[in-house]
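To find a chain, count down the sequence lines: A is the first, B the second, and so on, and within it residues start at 1. All values below were derived from every heavy atom in this structure, side-chain atoms included, with hydrogens, water molecules and symmetry-related copies excluded.
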Number of protein chains: 2
Amino acid sequence: MSETYGIPRPSLRRLPIYYRHLIEMAERQVPYVSSKDLGQNAGVPASQVRKDLSYLHEYGRPGVGYDTKALAGYLEEFLGLANDKEAILVGVGNLGRALTLYPGFAQYGLQIIALFDIDPAKIGQTVGDREVLPMFKLVDLARRLKVQMGIITVPPHAAQEVASAMVSGGIKVIWNFAPCKLTVPAEVLVKSEDLAAELAALSHHIMRRSQVLAPATE
Amino acid sequence: MSETYGIPRPSLRRLPIYYRHLIEMAERQVPYVSSKDLGQNAGVPASQVRKDLSYLHEYGRPGVGYDTKALAGYLEEFLGLANDKEAILVGVGNLGRALTLYPGFAQYGLQIIALFDIDPAKIGQTVGDREVLPMFKLVDLARRLKVQMGIITVPPHAAQEVASAMVSGGIKVIWNFAPCKLTVPAEVLVKSEDLAAELAALSHHIMRRSQVLAPATE
DNA sequence: TATACTTTGTGACAAAAGTAACAAACGTTG
DNA sequence: CAACGTTTGTTACTTTTGTCACAAAGTATA
């Protein structure tokens with residue numbers, strides 16, 4: 001049941017990687033790209049690439065490969081990268097500012113149209129042309145503008161409250177950078193980016209690595 | 001082969017979530033925590049929690065649960081959170097600055113001890129007490145201080161070069177925030193945080209959602 | 001056209017991850 | 001201390017994901 005409208009989640013998450021390589025090859029005027037090529041760039045076997053693409057029912061040509069532009073275009077459409085997607089961001093700290101100004105998002109159609117913070121000192125400041133608004137304006141603004149995504153970059157203790165406000169505002173997709181669990185209605189999708197947890201997992205690797213490299217004690 | 005020294009990767013990545021909840025419960029003086037409790041907080045079934053913990057050979061008490069402090073302490077040790085881990089960060093843009101100042105990292109033992117950038121205008125600036133150094137000092141500094149981790153927050157076209165320099169400096173774990181693939185020797189671990197790709201996958205959900213919500217056309 | 005290469009799409013298989021179920025262990029209560 | 005409810009550790013099972021292998025389809029070359 002982890003399928004996402006017909007395509008397995010891990011496959012879906014590899015598609016943007018393929019897409020990126022296709023764009024690069026298109027810029028270099030390479031007319032066809034093979035699954036082997038795509039796989040090497042993405043760090044997966046060629047068979048994985050072919051299987052992933054087979055879910056899309058976009059076919060390549062045996063002996064040749066996939067039409068670079070056609071496949072890039074199809075992936076762009078499938079992922080909805082060309083469509084404009086509007087988001088609001090709550091929590092104008094360092095991370096919030098960084099995401100607001102991150103150039104990669106605009107390339108994929110994401111427009112962060114409003115910023116919010118609870119800190120009165122930050123309200124009225126501007127970050128890349130956008131003014132920081134007070135929290136009480138969030139629900140109404142999200143409703144009026146039919147905002148599609150909410151980005152949370154507040155400390156964990158405030159995240160649930162922010163998420164609930166977003167839900168009240170009709171937001172259906174939340175991208176959460178606070179290291180905590182959010183409780184939302186089932187129709188709302190939450191994707192959490194837990195950097196502290198990722199670090200903790202990496203930390204384990206670092207520990208094990210140094211243990212392995214150190215002389216054995218037994 | 002996706003095992004990481006005996007524990008499956010997905011399990012390893014859930015451990016920090018459990019750890020966080022245990023710390024919270026320990027602060028509230030709760031002596032025991034059940035797998036059900038941990039599972040609800042982490043968004044996984046209780047049986048999953050028990051299976052994850054069973055890999056660690058740390059046992060709970062039937063009818064009671066897991067000793068909060070003991071398990072938190074064990075996870076802390078297993079994940080190596082108490083040990084100091086030193087990192088250097090390359091790319092003092094908005095994201096680099098945000099990560100440098102991110103309070104969650106210090107809590108998990110990560111010290112970003114040096115910053116690097118290629119931009120002469122940034123060299124000499126300070127970010128949270130740390131001065132930005134020129135790139136040519138990277139390899140030597142990493143070697144001398146036996147730096148364990150490298151964090152890459154440069155644009156994708158510069159990332160491979162940075163990664164290679166880190167490898168030359170003896171760094172064995174790279175945390176890559178640039179949206180591109182890095183080629184490194186097999187003994188070096190690369191963990192990529194590809195925000196643009198995550199966004200693209202989310203984008204697909206947003207598209208599908210609005211399609212589903214819209215009135216059917218056929 | 002025949003032959004030798006490439007590369008695809010897919011079906012069979014293997015591995016990994018997640019779920020469910022249950023006996024055994026423990027505490028509590030009357 | 002017996003009966004009951006709770007919670008664990010583990011086994012068996014299901015689902016998901018990834019890999020392999022190969023026929024079929026295409027290209028290139030002589």
Novice: Side chains of A/Ile7 and A/Leu15: closer than 4.5 Å at any heavy-atom pair?
Specialist: yes
Novice: In residues 45-68 of chain A, what residues come within less than 4.0 Å of DNA chain D, judged by heavy atoms?
Specialist: A/Pro45, A/Ser47, A/Gln48, A/Arg50, A/Lys51, A/Arg61, A/Pro62, A/Val64
Novice: What do you reckon, is NZ of B/Lys69 surrounded by more than 12 foreign heavy atoms closer than 6.0 Å?
Specialist: no
Novice: Tell me whether the count of non-hydrogen atoms from other residues, nucleotides or ligands lying under 6.0 Å of NZ in A/Lys191 goes above 12.
Specialist: yes
Novice: What are the two closest heavy atoms between B/Tyr19 and B/Glu76, and how far apart are they?
Specialist: OH-OE1, 2.7 Å
Novice: Of A/Val33, A/Asp37, A/Ile23, A/Val44, which meets side-chain contact (heavy atoms from CB on, under 4.5 Å) against A/Tyr18?
Specialist: A/Val44
Novice: Less than 4.5 Å apart, side chain to side chain, heavy atoms only: is that true for A/Asp194 and B/Ile17?
Specialist: yes
Novice: Run the side-chain hydrogen bond (donor to acceptor under 3.5 Å, both in side chains) test on A/Lys51 and A/Ser11 for me, step by step, so that the C-alpha distance in whole Å, both residues' side-chain angles and the decisive distance to 0.1 Å come before the verdict.
Specialist: CA-CA 9 Å; A/Lys51 182 152 259 190; A/Ser11 295; over 6 Å; no
Novice: Determine the minimum heavy-atom distance between B/Gly128 and B/Leu101, stating which atoms define it.
Specialist: CA-CD2, 3.9 Å
Novice: Considering non-hydrogen atoms only, spot the tightest contact between A/Ile171 and A/Val188 and give its length.
Specialist: O-CG2, 3.9 Å
Novice: Without decimals, in angstroms, what is the distance between B/Ile7 CD1 and C/dG18 C1'?
Specialist: 15 Å
Novice: Could you tell me which non-hydrogen atom of A/Gln160 sits nearest to which non-hydrogen atom of A/Thr183, and how far apart they are?
Specialist: OE1-N, 2.8 Å
Novice: Would you say D/dG18 has OP1 or OP2 under 4.0 Å from some side-chain N or O of A/Arg14?
Specialist: yes
Novice: Can you list every ring pair (Phe, Tyr, Trp, His ring centres under 6.0 Å) pair that touches residues 171-203 of chain B, not counting sequence neighbours?
Specialist: B/Phe105-B/Trp175, B/Trp175-B/Phe177
Novice: If we fit an axis to the first five pairs and another to the last five of the helix from C/dT1-D/dA30 to C/dG30-D/dC1, what angle do they make, to the nearest 10°?
Specialist: 10°
Novice: Other residues, nucleotides and ligands only: do more than 12 of their heavy atoms fall within 6.0 Å of CD1 on B/Ile118?
Specialist: no
Novice: Among residues at least two apart in sequence or on other chains, which ones pass side chain to side chain donor-acceptor pair (under 3.5 Å) with A/Glu86?
Specialist: none
Novice: Residues from residues 187-195 of chain B sitting under 4.0 Å of DNA chain D, heavy atoms only?
Specialist: none
Novice: Please give me every residue in residues 25-40 of chain B whose heavy atoms get under 4.0 Å of an atom in DNA chain D, ordered by residue number.
Specialist: B/Ser34, B/Ser35
